[in-house]
Colleague: 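Below you will find the structure I want to go over with you.
Because the structure is a prediction, the values reported are computed rather than measured. Residues take their numbers from the sequence shown, with the count starting at 1.
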Amino acid sequence: MIPLSVLVHRDQDVLAEAVAARLVTRLVDAQAARGSASVVLTGGGVGTAVLAALAASGARDAVDWGRVDVWWGDERFCPTGDPERNETGARAALLDHVPVDPARVHPMPAADGPDGDDPEAAAGRYAAELRAAARPGEAVAPFDVLMLGVGPDAHVASLFPEMPALRDERPVVAVRDAPKPPPTRISLTLPSLRAAEEVWLLAAGGSKAEAVRLGLTEPSPVRAPVAGARGRQGTLFFLDRAAAARLPHGAEGLASPWP
């Protein structure tokens, strides 16, 4: 059985620092094992806070950033540099402050990129990039850690409840008419999320408590996409106290004590 852990922290700031510290350890361990590491970033308030906490930590220098591949789980289909783009926030919070290799940073195509305003073509381009970095017989690059924010409606990446993308078997899809702005996005699909060694689900605030509960109890990822986000080797829910307010019966045994 694949391990699942629920880790509860006092508030969002402590949560972000804890995730940042664990991410350093995970990347260093991966580099020690095979020489490189791979991480999938997420946007949103908690995802960006984690990157900022990592940038501010002296432990960040334990990572050889020139040997880290950086990917994204989803992206708002906006022009390059648009503040709505997850890439823009990630660069400002972390990537502009560490010596990454530009060739190993893999942003999803922007609306002013080589495919113009065609999100389907842009999704295909990203799928091809993932395939080029994949191991033989696999569709996407190997991910050591894939981080995902959890939406109040239980969405992850840009996979929203009941939308067709949840049944799509392609590695990357275009999402139109998303229920939160901007409506046009690019997203990894559930099969790609499940290709990660570890999936880390991040949630802070009382508005996320029901989504967290569904993530631990709902059998259908079509109704609650967070329930379908699971890693090959492990899945970790990183929560603050408010997001943990509706943990289902029995989850207490999975949860760490609040510091």
Colleague: Locate the shortest heavy-atom distance separating Ala157 from Ser187; write the atom from each residue and the value.
Modeller: CB-OG, 3.4 Å
Colleague: Would you call Val226 and Leu201 a side-chain contact if the rule is heavy atoms closer than 4.5 Å?
Modeller: yes
Colleague: State yes or no: do Leu95 and Val63 share one hydrophobic cluster built from I, L, V, M, F, W and Y residues joined by side-chain heavy-atom distances below 4.5 Å, directly or via other members?
Modeller: yes
Colleague: Could you tell me if Thr80 and Asp112 have a donor-acceptor pair between their side chains, going purely by distance under 3.5 Å?
Modeller: yes
Colleague: For Ser192 and Pro171, work out which heavy atoms get closest and say how close.
Modeller: OG-O, 2.8 Å
Colleague: Can you list the residues that meet the salt bridge (Lys or Arg N to Asp or Glu O under 4.0 Å) rule with Arg76, with sequence neighbours excluded?
Modeller: Glu84
Colleague: Start with the C-alpha gap between Asp29 and Arg34, add the side-chain angles, then the distance that decides, and say whether salt bridge (charged side-chain N to carboxylate O under 4.0 Å, His left out) holds.
Modeller: CA-CA 9 Å; Asp29 287 348; Arg34 65 170 197 280; over 6 Å; no
Colleague: Take Leu4 and Arg230 through the side chain to side chain contact (heavy atoms under 4.5 Å, CB included) test and state the conclusion after the steps.
Modeller: CA-CA 9 Å; Leu4 188 151; Arg230 297 293 186 266; 3.7 Å; yes
Colleague: Hey, is Glu198 close enough to Arg26 for a salt bridge, meaning N to O under 4.0 Å?
Modeller: yes
Colleague: Group every Ile, Leu, Val, Met, Phe, Trp and Tyr by side-chain heavy-atom contacts under 4.5 Å, then state whether Leu159 and Phe237 land in the same group.
Modeller: yes
Colleague: Determine, step by step, whether Glu75 and Arg85 satisfy the salt bridge (charged side-chain N to carboxylate O under 4.0 Å, His left out) criterion, reporting the C-alpha distance in whole Å, the side-chain angles of both residues, the deciding distance to 0.1 Å, and the verdict.
Modeller: CA-CA 6 Å; Glu75 188 56 274; Arg85 280 180 60 84; 3.7 Å; yes
Colleague: For Gly231 and Ile2, work out which heavy atoms get closest and say how close.
Modeller: O-CG2, 3.4 Å
Colleague: Are the side chains of Leu23 and Val145 in touch, meaning some heavy atoms are under 4.5 Å apart?
Modeller: yes
Colleague: Would Glu120 and Arg176 count as a salt bridge (charged side-chain N to carboxylate O under 4.0 Å, His left out) here? Give the steps.
Modeller: CA-CA 10 Å; Glu120 283 78 15; Arg176 296 181 182 269; 2.8 Å; yes
Colleague: When the ring planes of Trp71 and Tyr126 are compared, do they come out parallel, tilted or perpendicular, using 30° and 60° as the limits?
Modeller: perpendicular
Colleague: Going by an N to O cut-off under 4.0 Å, is there a salt bridge joining Asp153 and Lys208?
Modeller: no
Colleague: Going through the checks in order, is the salt bridge (charged side-chain N to carboxylate O under 4.0 Å, His left out) test met by Arg232 and Glu138?
Modeller: CA-CA 14 Å; Arg232 287 177 169 177; Glu138 298 192 359; 3.4 Å; yes
Colleague: side-chain contact (heavy atoms from CB on, under 4.5 Å) with Leu202: which of Val150, Val50, Leu148?
Modeller: Val50
Colleague: Using a strict threshold of under 4.0 Å (side-chain N to carboxylate O), is an ion pair present between Arg125 and Asp115?
Modeller: yes
Colleague: Between Ser158 and Asp74, is there a side-chain donor-acceptor contact under 3.5 Å, judged purely by atom types and distance?
Modeller: yes
